[in-house]
> 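Sharing a structure here in structure tokens format.
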Amino acid sequence: MKVTVVGAGAVGASCAEYIAMKDFAAEVVLVDIKEGFAEGKAMDLMQTASLNNFDTKITGTTGDYSKTAGSKVAVITSGIPRKPGMTREELIGINAGIVKDVTANLVKHSPDVIIIVVSNPMDTMAYLVHKTSGLPKNQIIGMGGALDSARFKYRLAEALECPISDVDGMVIAAHSDTGMLPLMSKATRNGVPVTEFLDEAKQDHVAEETKVGGATLTKLLGTSAWYAPGAAVSVMVQAILCDHKKMIPCSLMLDGEYGQSDICLGVPAIIGANGVEKIVEIKLTDAEKEKFATAAQAVREVNGDLKF
Ligand code: NAI
């Protein structure tokens, strides 16, 4: 099956690389607006095929969407990333225009496509795709929770001084420094609640480090991260192409779930061949419900800046 990745920059190229390395897609088409850039990235990646033992074909195009026709999944990473000190919300002006145009081009050539939205501010960009694409809501998925949960597990393992494979945890709500909700009450180490091992100060530290995970990397790198974002997207694409029916927290259009409607927010969902197969409603504590509602309010305010 064919996968399109729009934006051959840091996240787009990393995502294409992980998809190819796992060898589950027939073809990855990279699209960029910068002349020759996607073609160059595709050629460079293809020259790793014999070294890394994959058969996925990677091609690139400067804006010729006819090459993306018949894509099962399209990933939108086009736009500008944040610089140190910036919030994701500050990117809305430029990225909204780009995401809207890219979506129209994708749907024109692949009317049944499942779109994974990565560009920031991601919850708002996913909302924009819902409002402008005409696609059914199970075919539009925002990527945030998969990455933020991976960062949560990294911080949990660090605090517990244990292997990352021993921990499990999930981040829901908004993909923003203030709106992320790491579900400490449900995080486990080999099935045992982490609250058995970590006192409140340590729990708060883990939650805080998770929430500013992206900002910490942006400060270190001078731009936002790409390895973990690319890997997170590749897991979502694989869940769709291989019909894994894997539970992944994603930013989805809510219709009453978690007490919210007409908004995209991070919630756990089963991801398979149809995109979103089911939104999973888990029981939140009262404090978690309150944080979820506060995050929703902040995302609504950012959504208010959109012009359709
Ligand atoms: P980047 O600057 O390395 O790559 C973006 C690419 O998009 C550039 O190559 C640019 O030429 C291209 N582009 C711009 N306008 C385009 C258009 N109209 N059509 C096609 N291509 C176009 O940026 P990076 O680091 O890859 O980040 C991409 C986006 O992903 C940013 O908005 C960033 O904030 C977001 N991001 C989201 C994450 C998430 O968890 N949702 C995680 C990391 C980044």
Side-chain angles (χ1 to χ4, degrees), residues 4-18 29-42 60-65 67-68 74-84 86-106 115-129 140-152 171 173-177 179-180 210-218 221-236 248-252 264-266 299 302:
T4 289
V5 178
V6 185
V11 177
S14 154
C15 151
E17 184 179 7
Y18 285 118
V29 182
L30 278 169
V31 184
D32 206 282
I33 199 169
K34 234 185 287 173
E35 189 67 44
F37 193 59
E39 291 88 331
K41 286 279 179 106
T61 169
T62 307
D64 179 0
Y65 280 84
K67 303 255 172 72
T68 71
V75 182
I76 304 182
T77 76
S78 46
I80 52 164
R82 57 182 173 158
K83 295 281 170 230
M86 279 174 93
T87 65
R88 294 176 176 91
E89 290 72 22
E90 286 174 73
L91 305 174
I92 189 172
I94 295 177
N95 286 358
I98 294 173
V99 169
K100 196 174 157 188
D101 279 0
V102 165
T103 300
N105 282 317
L106 287 171
I115 295 184
I116 298 179
V117 185
V118 180
S119 308
N120 275 315
M122 183 277 295
D123 297 297
T124 296
M125 293 302 112
Y127 183 77
L128 176 68
V129 174
I140 302 162
I141 311 175
M143 192 291 283
L147 170 65
D148 301 333
S149 301
R151 288 178 172 158
F152 184 33
V171 177
H175 181 61
S176 71
D177 296 358
M180 266 178 227
T210 301
K211 288 163 74 172
V212 298
T216 302
L217 282 160
T218 302
L221 297 167
T223 185
S224 62
W226 55 89
Y227 292 120
V233 174
S234 76
V235 167
M236 293 167 68
I248 305 173
C250 309
S251 185
L252 304 177
C264 288
L265 274 178
V299 170
V302 183

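One-based numbering, in listed order, for ligands and for the atoms of each.
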> Nearest 0.5 Å, what's the CE-CD1 distance between M236 and I116?
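Going from the CE atom of M236 to the CD1 atom of I116 covers 4.5 Å.
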
> Against heavy atoms of V6, which atoms of ligand 1 measure under 4.0 Å?
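Those atoms are 20 (C).
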
> Heavy atoms only: which of I80, V5, I116 lies closest to atom 31 (C) of ligand 1?
I80

> If you take all heavy atoms of L30 and A16, which pair is closest and at what distance?
CD2-CB, 4.1 Å

> Using a strict 4.0 Å cut-off to heavy atoms of N120, name the atoms of ligand 1 that fall inside it.
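Listed by number with element, the hits are 32 (O), 33 (C), 34 (O), 35 (C), 36 (N), 37 (C), 38 (C).
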
> What protein heavy atom lies closest to atom 37 (C) of ligand 1? Include the residue and the distance to one decimal.
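For atom 37 (C) of ligand 1, the nearest protein heavy atom is V118 O, 3.0 Å.
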
> May I ask you to identify the nearest protein heavy atom to atom 2 (O) of ligand 1, giving residue, atom name and distance to one decimal place in Å?
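Nearest neighbour among protein heavy atoms for atom 2 (O) of ligand 1, to 0.1 Å: P81 CD, 3.5 Å.
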
> I'd like to check which ligand 1 atoms, numbered from 1 as shown, lie under 4.0 Å from a non-hydrogen atom of N95.
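In order of number, 32 (O).
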
> For a side chain to side chain donor-acceptor pair (under 3.5 Å) check, start with the C-alpha distance between E17 and S14, then their side-chain angles and the critical distance, and finish with the verdict.
CA-CA 5 Å; E17 184 179 7; S14 154; 5.7 Å; no

> Heavy atoms only, cut-off 4.0 Å: how does D101 contact ligand 1, side chain, backbone, both, or neither?
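D101 to ligand 1: no contact under 4.0 Å from either part.
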
> Which residue holds the protein heavy atom closest to atom 4 (O) of ligand 1, what is that atom called, and what is the gap in Å?
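Closest protein heavy atom to atom 4 (O) of ligand 1: G9 CA, 3.3 Å.
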
> Side chains of I141 and I115: does their closest heavy-atom pair fall under 4.5 Å?
no

> Measure across L128 and A96 and return the closest heavy-atom pair with its distance rounded to 0.1 Å.
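Heavy atoms only, the tightest pair is CD2-O, 3.4 Å.
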
> Check I98 against ligand 1 and report side chain, backbone, both or neither, counting heavy atoms closer than 4.0 Å.
side chain

> Which distance, rounded to the nearest 0.5 Å, do you find between the OG of S119 and the CD1 of I80?
10.0 Å

> Dump the intermediate steps for salt bridge (Lys or Arg N to Asp or Glu O under 4.0 Å) on D177 and R88, then the final yes or no.
CA-CA 8 Å; D177 296 358; R88 294 176 176 91; 2.8 Å; yes

> Please state which option from S78, A10, G79 has its nearest heavy atom closest to atom 5 (C) of ligand 1.
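Considering heavy atoms of S78, A10, G79, the nearest to atom 5 (C) of ligand 1 sits in G79.
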
> Please could you name the atoms of ligand 1 that P229 approaches to less than 4.0 Å, counting only its heavy atoms?
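Selected atoms, number and element: 42 (C), 43 (C).
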
> Which heavy-atom pair separates T210 from M180 by the least distance, and what is that distance?
O-SD, 3.9 Å

> Do E39 and T62 get their side chains close enough for a donor-acceptor pair, meaning under 3.5 Å?
yes

> At what distance is the nearest protein heavy atom to atom 12 (C) of ligand 1, and which residue and atom is it?
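Answer for atom 12 (C) of ligand 1: D32 OD2, 3.3 Å.
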
> Could you find the nearest protein heavy atom to atom 28 (C) of ligand 1 and give me its residue, atom name and distance?
T77 O, 3.0 Å

> Which part of L91 is near ligand 1, with near meaning a heavy atom under 4.0 Å away: side chain, backbone, both or neither?
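Just the side chain.
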
> Side chain, backbone, both or neither: which part of L147 has a heavy atom under 4.0 Å from ligand 1?
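Side chain only; the backbone of L147 stays clear of ligand 1.
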
> Below 4.0 Å, non-hydrogen atoms only: which portion of F37 touches ligand 1? Side chain, backbone, both or neither.
side chain

> Give me the one residue out of M125, H175, M86, E89 that meets side-chain contact (heavy atoms from CB on, under 4.5 Å) with N120.
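Of M125, H175, M86, E89, side-chain contact (heavy atoms from CB on, under 4.5 Å) with N120 is met by H175 alone.
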
> Return yes or no for this condition: an N or O of A225 is under 3.5 Å from an N or O of ligand 1.
no

> Between I140 and A126, what is the shortest heavy-atom contact and its length?
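In this case the closest contact between I140 and A126 is CG2-O, 4.0 Å.
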
> For R82, is at least one N or O under 3.5 Å away from an N or O on ligand 1?
no

> Starting from atom 39 (C) of ligand 1, find the nearest protein heavy-atom neighbour and note its residue, name and distance.
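I find the closest protein heavy atom is H175 NE2, 3.3 Å.
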
> Looking at side-chain heavy atoms only, is the closest gap between T218 and T223 below 4.5 Å?
no

> What protein heavy atom sits nearest atom 26 (O) of ligand 1, and how far away is it?
V11 N, 2.8 Å

> Just heavy atoms, cut-off under 4.0 Å: does R88 contact ligand 1 by side chain, backbone, both, or neither?
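Under 4.0 Å from ligand 1, R88 contributes no heavy atoms.
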
> Which residue holds the protein heavy atom closest to atom 21 (N) of ligand 1, what is that atom called, and what is the gap in Å?
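The protein heavy atom lying closest is I33 N, 3.3 Å.
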
> Answer yes or no: is there a side-chain heavy-atom contact under 4.5 Å between S234 and C15?
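When only atoms from C-beta onward are counted, C15 and S234 do not touch, as no gap falls below 4.5 Å.
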
